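Input: a single structure, listed below in C-alpha cells.
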Amino acid sequence: MNKFALVDCNNFYVSCERAFNPSLNDKPVIVLSNNDGCAIARSEEAKRYIGMGAPIFKHMDIVKEQNIHLFSSNYTLYADMSHRVNEVLSQFSPNIEPYSIDESFLYLSSNRNIDLNQYGIEMRNKVLKWTGIPTSVGIGPTKTLAKIANKLAKKNKMCQGVLDITNHARMNDFLASVEVDDVWGVGWKYAKLLKRNGINTALDLRDANESWIKKKMTVQGLRTVLELKGTPCIELEETVQDKKQIVNSRSFGMDIDKYEDLSEAIASYACRAAEKLREQDSICSHISVWIKTNGFKDDPQYSKSISCRFPEPTSYTPLIIKYSLHLLKKIYKSGYKYKKAGVMLMDLVPAENTQFNLFIKINHSRNKKLMEAFDKINNSWGSQTIRCAASGFARPWTMKRNRISPMYTTDWNDIIRVN
DNA sequence: TCTGGGGTCCTAGGACCC
DNA sequence: TCTGGGGTCCTAGGACCC
C-alpha cells in the first residue's frame, strides 16, 4: 500500500515572522504581497477581519481598529525557513518532494509496521521544536487524498494537526465533508461546471462517471477521480526538474510613463531572468517582453507583449538585455502610465547542448568567463553587488516594501541579539 | 497613493508535409 | 485548381497550482 504524507506549514509567512518575533503570538498578523498590495498570509486571529487576497489599502480602518500587524513579504527569510523545515522532514523519509515554499510531500514506505498517526505527530513536533514553524500533516494512499487529509487535519482541532485517512472506516464521511472546490486540481471554473451537474463534494466527484469527467476536464480531471479512489496517478517528484520557462516581472512602486524608467526596469528583469537561467545551467532561444498599464484605474489602458528568437541560444546577460530593450522599443507607446512589466525566457535547453551558429562570430569562452565571474561575485557578496548599468541607479520604480522585517537568518547585520 | 508573482499541463486549430 | 487521408509541428488559449 502506498502512503503519502502532505506536510503543510500553517500560515507560513506569518509563522516565519513569529518565529523571530514572539511578541506577535496570539495577535492578528498579515503579510502583504509585493508592493505591499494584497493580504497573502493571515494569522488565525486576522482571518475573520481580512479576506485572502484583499487589497489592504481598502481595509486600513479595520487594520487600525483591530491593531493588526502588517509586514511586507520577506522572501529571503521565508525561503531559508522553508529549507530548514525540509531538512527536518527529510529525517522522516528519504523520499521527499518540496512542492511549494510551504508544503512538502513525503513517501512513507508501506512495510514499516508503525502507527502513522503517531509518526505524523512526531514529525510535527520536531519541526515545531527545531524551526518554530507549526505544521499540519495529512496522510493518504494518494497525493490527492493526502491533501484532503491535510485539510481535514487543519480543520479538526481534535486530531492535533495530524490525520491518516488510509483505509479509514469513515472515508466516505470525510470525502462528503469536503466541497468539490477544495479538491486539489479542481479550480473555480471546473467547480462551477461540476456543481451545475450535481457534483458538489469530493465524494460525488470520486463516484462520477469517468468518461464524462475525461470529456469535460481532460485527462487531468480523470487522474483526480482515480486518485480519489485510491489509485496513485501523480508520482512523487524527488528531483528538481529544470524550468521550461523563466519569468521575471513586477508591478512598479509608482506609475511610470518615461521610456528611460521602463527600460531600466526591463533591463533589470532581464538581468535577473538570465541569472536564474544560468543557475540551472540552461540557455534559451526565445525571449518575450510585456508592459501594461494599471487595469484598476480609469486611465487609458494599454497592454502589449512581443517576442523574438535569438540568433543562437544564449544565457549571456548583455545580449539578453539588448534584445529585451529592442523589443521594448517596438511596443512602447508614450502617453500611458505603466504599472507592470515583465520578461520571459523560453525554449530552454541544457547549456552543454549548444549548437552554435557557424556564421556568427561570438567569443563564447570569453562571455562564459565573464558571466561566471559576475555570478560568483553576486553569490559571495550579495545579489546586485555588481549589476548592469542599463538597470539604472536611482530606480524610482522599484516595488514598495515599507514594512519589511529583518533578514534574521541570512544577514549578519540582522542577526538576533540576545541580552 | 494603494489591487502579487511564477509556474505547469493539455487541447484545439492552423500551417505544412507526403 | 481541386480532391482525401494521415501525419507532425507550432502556437494560443484555457485550465490548474502555490
Side-chain angles (χ1 to χ4, degrees), chain A residues 6-9 11-13 30-41 50-61 63 70-75 78-79 82 97-105 143-144 147 150-151 180-194 213-224 233-234 237 240-256 269 272-273 276-277 280 285-286 288 290 292-299 305 307 309 337 339-348 396 399-403:
Chain A
L6 175 68
V7 184
D8 182 305
C9 301
N11 316 324
F12 182 55
Y13 299 168
I30 286 180
V31 176
L32 302 170
S33 62
N34 279 342
N35 261 321
D36 295 347
C38 306
I40 52 168
I50 306 284
M52 185 63 177
I56 205 69
F57 73 92
K58 284 189 177 173
H59 304 282
M60 286 313 284
D61 42 346
V63 168
L70 298 181
F71 288 90
S72 305
S73 29
N74 182 344
Y75 285 106
Y78 309 154
S82 178
E97 172 194 352
Y99 175 64
S100 75
I101 196 165
D102 69 336
E103 285 176 45
S104 290
F105 284 105
K143 282 174 148 186
T144 305
K147 274 273 205 183
N150 184 285
K151 195 149 283 203
V180 77
D181 328 44
D182 290 336
V183 176
W184 191 43
V186 178
W188 69 276
K189 279 236 158 149
Y190 284 152
K192 229 167 84 181
L193 171 82
L194 291 169
I213 293 291
K214 185 173 178 200
K215 202 169 103 198
K216 297 287 185 183
M217 298 172 62
T218 80
V219 295
Q220 306 201 92
L222 182 58
R223 274 184 207 132
T224 300
C233 302
I234 307 171
E237 287 177 25
V240 182
Q241 306 289 320
D242 280 348
K243 305 249 182 299
K244 296 172 180 172
Q245 57 182 43
I246 287 173
V247 178
N248 199 250
S249 81
R250 290 277 181 285
S251 299
F252 307 129
M254 56 188 281
D255 291 340
I256 59 182
Y269 301 162
R272 180 61 196 131
K276 288 196 227 170
L277 188 63
Q280 65 168 40
S285 50
H286 212 145
S288 149
W290 71 91
K292 64 198 289 190
T293 50
N294 188 344
F296 290 98
K297 284 195 175 170
D298 279 337
D299 299 332
S305 79
S307 65
R309 304 192 78 76
K337 294 184 197 155
K339 182 61 182 172
K340 192 173 177 182
V343 172
M344 182 168 14
L345 304 178
M346 295 160 292
D347 292 358
L348 274 45
M399 68 181 180
K400 268 195 297 197
R401 290 169 106 192
N402 293 333
R403 303 163 188 276

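Note on naming: letters A, B, ... go to the chains in the order of the sequence lines (proteins, then strands), and numbering restarts at 1 for each one. Everything numeric here is computed off the predicted structure, so don't read it as measured data.
Taking the ring-ring contact (aromatic ring centres under 6.0 Å, His included) definition, one finds that Trp290(A) meets it with nothing, sequence neighbours left out. Partners of Lys216(A) under the salt bridge (Lys or Arg N to Asp or Glu O under 4.0 Å) rule, at least two apart in sequence or in another chain, do not exist in this structure. With sequence neighbours excluded, the residues that form a salt bridge (Lys or Arg N to Asp or Glu O under 4.0 Å) with Arg272(A) are Glu275(A), Glu279(A). With sequence neighbours left out, the ring-ring contact (aromatic ring centres under 6.0 Å, His included) criterion links Phe71(A) to no other residue. Residues meeting the ring-ring contact (aromatic ring centres under 6.0 Å, His included) test with Phe57(A), sequence neighbours left out: none. In this view, Ser104(A) and Asn86(A) satisfy the side-chain hydrogen bond (donor to acceptor under 3.5 Å, both in side chains) rule, not counting sequence neighbours. Every residue two or more places apart in sequence or in another chain that forms a salt bridge (Lys or Arg N to Asp or Glu O under 4.0 Å) with Lys143(A) is listed here: Glu97(A). For Phe12(A), there are no ring-ring contact (aromatic ring centres under 6.0 Å, His included) partners two or more places apart in sequence or in a different chain. In terms of the salt bridge (Lys or Arg N to Asp or Glu O under 4.0 Å) criterion, residue partners of Asp299(A) (sequence neighbours excluded) are, by chain and number, Lys337(A).
In this structure, Ile56(A) reaches neither bases nor backbone, as no heavy-atom distance under 4.0 Å exists between it and the strands shown. Lys340(A) comes within 4.0 angstrom of sugar-phosphate atoms only, judged by non-hydrogen atoms across all strands, and of no base. As judged by a 4.0 angstrom heavy-atom cut-off over every strand, Lys214(A) is placed among residues making no nucleic acid contact. Asp102(A) comes within 4.0 angstrom of the backbone, heavy atoms only, and of no base. Residue Lys215(A) is out of contact with every strand shown, counting any heavy-atom pair closer than 4.0 Å. Within the nucleic acid shown, Gln245(A) comes within 4.0 Å of at least one base atom, counting heavy atoms only. Asn35(A) comes within 4.0 angstrom of nothing in the nucleic acid, heavy atoms only. Contacts of Lys58(A) with the nucleic acid, taken as non-hydrogen atoms under 4.0 Å apart, include base atoms.
Checked against the 6.0 Å centroid criterion, the rings of Trp184(A) and Phe105(A) qualify as a close aromatic pair.
Put simply, chain A comes within 4.0 Å of DNA chain C, heavy atom to any atom, from dA15(C) to dC18(C), going 5' to 3'.
Shown for residues 180-191 of chain A: residues whose heavy atoms fall under 4.0 angstrom of DNA chain C, namely Val183(A), Trp184(A), Gly185(A), Val186(A), Gly187(A), Trp188(A), Lys189(A), Tyr190(A).
Remark on DNA chain B: of its neighbouring residues Met254(A) and Gln220(A), the 5'-side contact belongs to Met254(A), judged by nearest-heavy-atom nucleotide. Nearer to the 5' terminus of DNA chain B, by closest-nucleotide assignment, is the contact made by Cys38(A) (compared with the other of Val247(A) and Cys38(A)).
Taking atom C1' in both dC2(B) and dA15(C), one finds a spacing of 30 Å when rounded to whole Å. For the C1' atoms, the distance from dG4(C) to dC16(B) is 16 Å, rounded to whole Å.
When atom types are taken as modelled, the side chain of Asp8(A) and the backbone of Glu103(A) share no donor-acceptor pair closer than 3.5 angstrom. In this structure, Lys276(A) contributes its side chain and Val247(A) its backbone to a donor-acceptor pair below 3.5 Å.
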query: Under a 3.5 Å cutoff on both atom distances, Watson-Crick or G-U, what's the dot-bracket for DNA chain B ([ ] crossing, | other strand)?
result: ....||||||||||||||
